[in-house]
Every structure is written in C-alpha cells, then in structure tokens.
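First the structure, in the form of structure tokens, and then the observations on it.
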Amino acid sequence: MPELPEVETIVKGLKKEIIGKKIIEVLINCEMIIAYPDIEDFIKEINNRVIFDIYRRGKYILFKLDGSKIMVIHLRMTGKLLIKNSSDNIDKHTHIIFKFDDKNELRFNNIRKFGRVYLINDDEWENAGGLNKLGPEPLSKEFTLKKFKEALSSRKAKIKALLLNQKFLAGMGNIYTDESLHEAGIKPDRRADMLKDVEIERLFYAIKKLLKEGIQYGGTSFSDYVNAIGEKGSFQHKLKVYQREGEKCLRCDHKIIKDKIAGRSSYYCSHCQN
DNA sequence: CGAGGTACCTGACAGC
DNA sequence: TGCTGTCAGGTACCTC
C-alpha cells in the first residue's frame, strides 16, 4: 500500500509521538510477520528498549533503539502503524502490539499479512530484507541527473519496471511511477536505454516533484492508507492518471488507458505520453 | 541481466 | 443471497 510519501508521512507522525518511549511488552498475534530473528529472541531482545530515533529508507521504517539495535518494518501492501491508547478497541487485523510505559501503544495492523518486522544489530543489515540492497533515495542530493542518466543508459528494461525496482531506485511504487511518467510525457513501456536526454531530464524532475507533492499532501489514500494517528492523505485528489481509466487527460484531453505493463496495472495518456 | 509467472493473504467488488 | 473471478498501493522466488 504505502510508497515513499506515505511511509515518510507515517514516520513524521511516529517521530512526533513515540520518540523516547520505552517498549515494555510486545504482543504477537501473527508470527509470520516477524521475519528476523525467531519469535523468542525477538521478544527477549526488544523488551525494555527505548526508541531513540525513527527514520525512513526507501519504503522501510527504521526504529533506532538503545543497545545498537534497530527494528525495521516494511508495510508492504496493507500495513499500518497506529499509535493508540491501551483502552482503544483492537482492530481485527492488528497483528503486533508494542506497549509503552505510559498506556500508549504502537499497533501493527496488516490485513494481507505481507508486512514484515526485523530486529537487527546495527552491523547486520543483511538480515533486514532487501534493506541493504536498496538503490538511491530519490529526494537525496546523491541522486543526481548525471547518475540517473548513466544508470538508465545500460538498462534494456521497460522504464516502468526499472522505476519500480527498489534496487535501482528506492521508494517508488505503482502510483508515483505512473504519475511521474505522465508528468514527463513518457510511455511506461519505453526501453530505459532508448530514452532521450531531454526525456530523462523531464523524468528526473518529475519524480522529485511528484514525491515531494505526495509528502506535502500527506500521501495518497484510496481505501485504507492512513498515517500514524489514523488520518487519510489527500494526494488522491491530485492524481492525473492513476485510477482514471477512460477519463480525459488533464493535459491534452485524450483518453487515459489502463494496461498491464511490467506485471502491474499501468495508467497513461494515449496521446501525450510517447 | 531481464521477462514472465507464481506465491504470499484478505477483502472489495462486479457479474451471474 | 451467494458463488466465482478479478483486482489491489509490494516483494521474493522460480524458470527460461
């Protein structure tokens, strides 16, 4: 469900609410979500840790704990992290509850159970899913037009597939990929190494723009995305192609097409994306 | 390396 | 009402 702007929004909310809190108990209702280490060690190791800091890398959320421990959470498709009071009703799909020493709780809610939680030492990044293999952060200074051009020039994959590939670029998902390609006037099935310089430039700035706007609007909420305190985002009102099949392109009036590209449903304008 | 398929899981929705 | 099929914001894994 969440892409970079949604995860960023969730992290902002978490930072405001739970930095400095101590985890005094963890309840696990769905063991498959704990990916590393095994359940017993996870519970033993996380108990009584204080949350020093929370930050984002790609679509991963990292909780820096005392004792050089880091808890890593990936929400995948339907994951939510919600700050609740211990007296609040517990939703059916709440699979993990982190209890703090002040009656507050962090609840991991995850309808489809695809999300994963890892607890690692700060020198074992290889045990946190694909975290250590992520590509550059698209909003960082390290992600430059020059590097983007170079990286694309040797790739024969479809540009859509490449933008979704987290090892190539961290944080883009189906929505922001389609929106960026529309903004840049590029059809999603174009070969990366065949893009012209001017197109790459447009795409580069489109990615940064769309991600920043997504963050500004608190993310995109279709069915179930909410931030850490349960609020919806509003970027769904700003989307120009995603989920607008059959409607008119807001730039050129032609029809928005829905097609399967790179294994994902893809929305693009039949006229102004080439 | 890359394409294309499957799998993981649950719920919403369309069509019959 | 209820069954069946399809789809969903993500990623890992498999084969070719």
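The sequence lines fix the lettering, A, B, ..., with proteins before strands; numbering per chain opens at 1.
Distance noted for atom P between C:dG5 and B:dA7: 15 Å (whole Å).
Using cut-offs of 30° and 60° for the angle between ring planes, the A:Tyr242 and A:Phe222 rings count as tilted.
Between A:Asp178 atom CG and C:dG9 atom P the separation is 9 Å, expressed in whole Å. If you take CG of A:Leu163 and P of C:dG9, they are 15 Å apart, rounded to a whole angstrom. For the pair A:Lys113 NZ and C:dG10 C1', the interatomic distance rounds to 17 Å; values are reported in whole Å. Straight-line distance from the CG atom of A:Leu4 to the C1' atom of C:dG9: 13 Å, rounded to whole Å. For the pair A:Met32 CE and B:dC8 P, the computed distance is 9 Å after rounding to whole Å. Remark: P of B:dT10 and NZ of A:Lys80 are 16 Å apart, rounded to the nearest angstrom. Put simply, CD on A:Gln166 is 8 Å from P on C:dG10, counting in whole angstrom units. Atom CZ of A:Phe235 is separated from atom C1' of C:dG9 by 14 Å (rounded to the nearest Å).
Between the OG atom of A:Ser180 and the NZ atom of A:Lys209 there is a distance of 10.0 Å, given to the nearest 0.5 Å. Annotation: the span from A:Arg251 atom CZ to A:Gln273 atom CD amounts to 6.5 Å, rounded to 0.5 Å.
When A:Ile46, A:Leu14, A:Val11, A:Val117 are each tested for a side-chain contact (heavy atoms from CB on, under 4.5 Å) with A:Phe63, only one passes: A:Leu14. For the salt bridge (Lys or Arg N to Asp or Glu O under 4.0 Å) with A:Asp178, the qualifying choice from A:Lys187, A:Arg264, A:Lys160 is A:Lys160, the only one to do so.
Not counting sequence neighbours, the partners of A:Phe235 by the ring pair (Phe, Tyr, Trp, His ring centres under 6.0 Å) test are A:Tyr176, A:Tyr217.
The neighbour count for A:Asn89 CG, taken as heavy atoms of other residues, nucleotides or ligands under 6.0 Å away, does not exceed 12. Applying the 6.0 Å contact sphere to CD of A:Glu150 captures more than 12 heavy atoms from other residues, nucleotides or ligands.
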Under a cut-off of 3.5 Å for both distances of each Watson-Crick or G-U pair, what dot-bracket string does DNA chain B give, using [ ] for crossing pairs and | for inter-strand pairs?
.|||||||.|||||||

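Taking only side-chain nitrogens and oxygens, A:His93 comes nearer than 4.0 Å to OP1 or OP2 of B:dG11. Here A:Lys59 does not reach the OP1 or OP2 of C:dG9: none of its side-chain N or O atoms lies under 4.0 Å away.
Relative to the side chain of A:Ile111, the nucleotides C:dG9, B:dT10, C:dG10 differ in distance, and B:dT10 lies closest.
As judged by a 4.0 angstrom heavy-atom cut-off over every strand, A:Gly130 is placed among residues touching the sugar-phosphate backbone only.
In summary, the side chains of A:Lys69 and A:Asn121 do present a donor paired with an acceptor at a separation below 3.5 Å, with no hydrogens or angles considered.
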Taking protein heavy atoms under 4.0 Å as touching, what does nucleotides 2-7 of chain B look like 5' to 3' if B marks base contact, S marks sugar-phosphate-only contact and - marks none?
SSS---

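Evaluation of the salt bridge (charged side-chain N to carboxylate O under 4.0 Å, His left out) test over residues 105-116 of chain A, restricted to residues two or more places apart or in two chains, returns A:Lys99-A:Glu105, A:Glu105-A:Arg107.
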Restricting both atoms to N or O, compile the protein contacts to nucleotides 4-8 of chain C shorter than 3.5 Å, with distance only.
residue, atom, partner, partner atom, Å
C:dA8, OP1, A:Ser265, OG, 2.4
C:dA8, N3, A:Arg112, NH1, 3.2

Under 3.5 Å, which N/O atoms of the protein pair with N/O atoms of nucleotides 13-15 of chain C?
none

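Counting atom types as modelled, A:Thr78 pairs no side-chain N or O with a base atom of C:dG10 as donor and acceptor under 3.5 Å.
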Salt bridge (charged side-chain N to carboxylate O under 4.0 Å, His left out) assessment of A:Glu45 paired with A:Arg49:
CA-CA 8 Å; A:Glu45 288 298 332; A:Arg49 301 274 178 191; 2.9 Å; yes

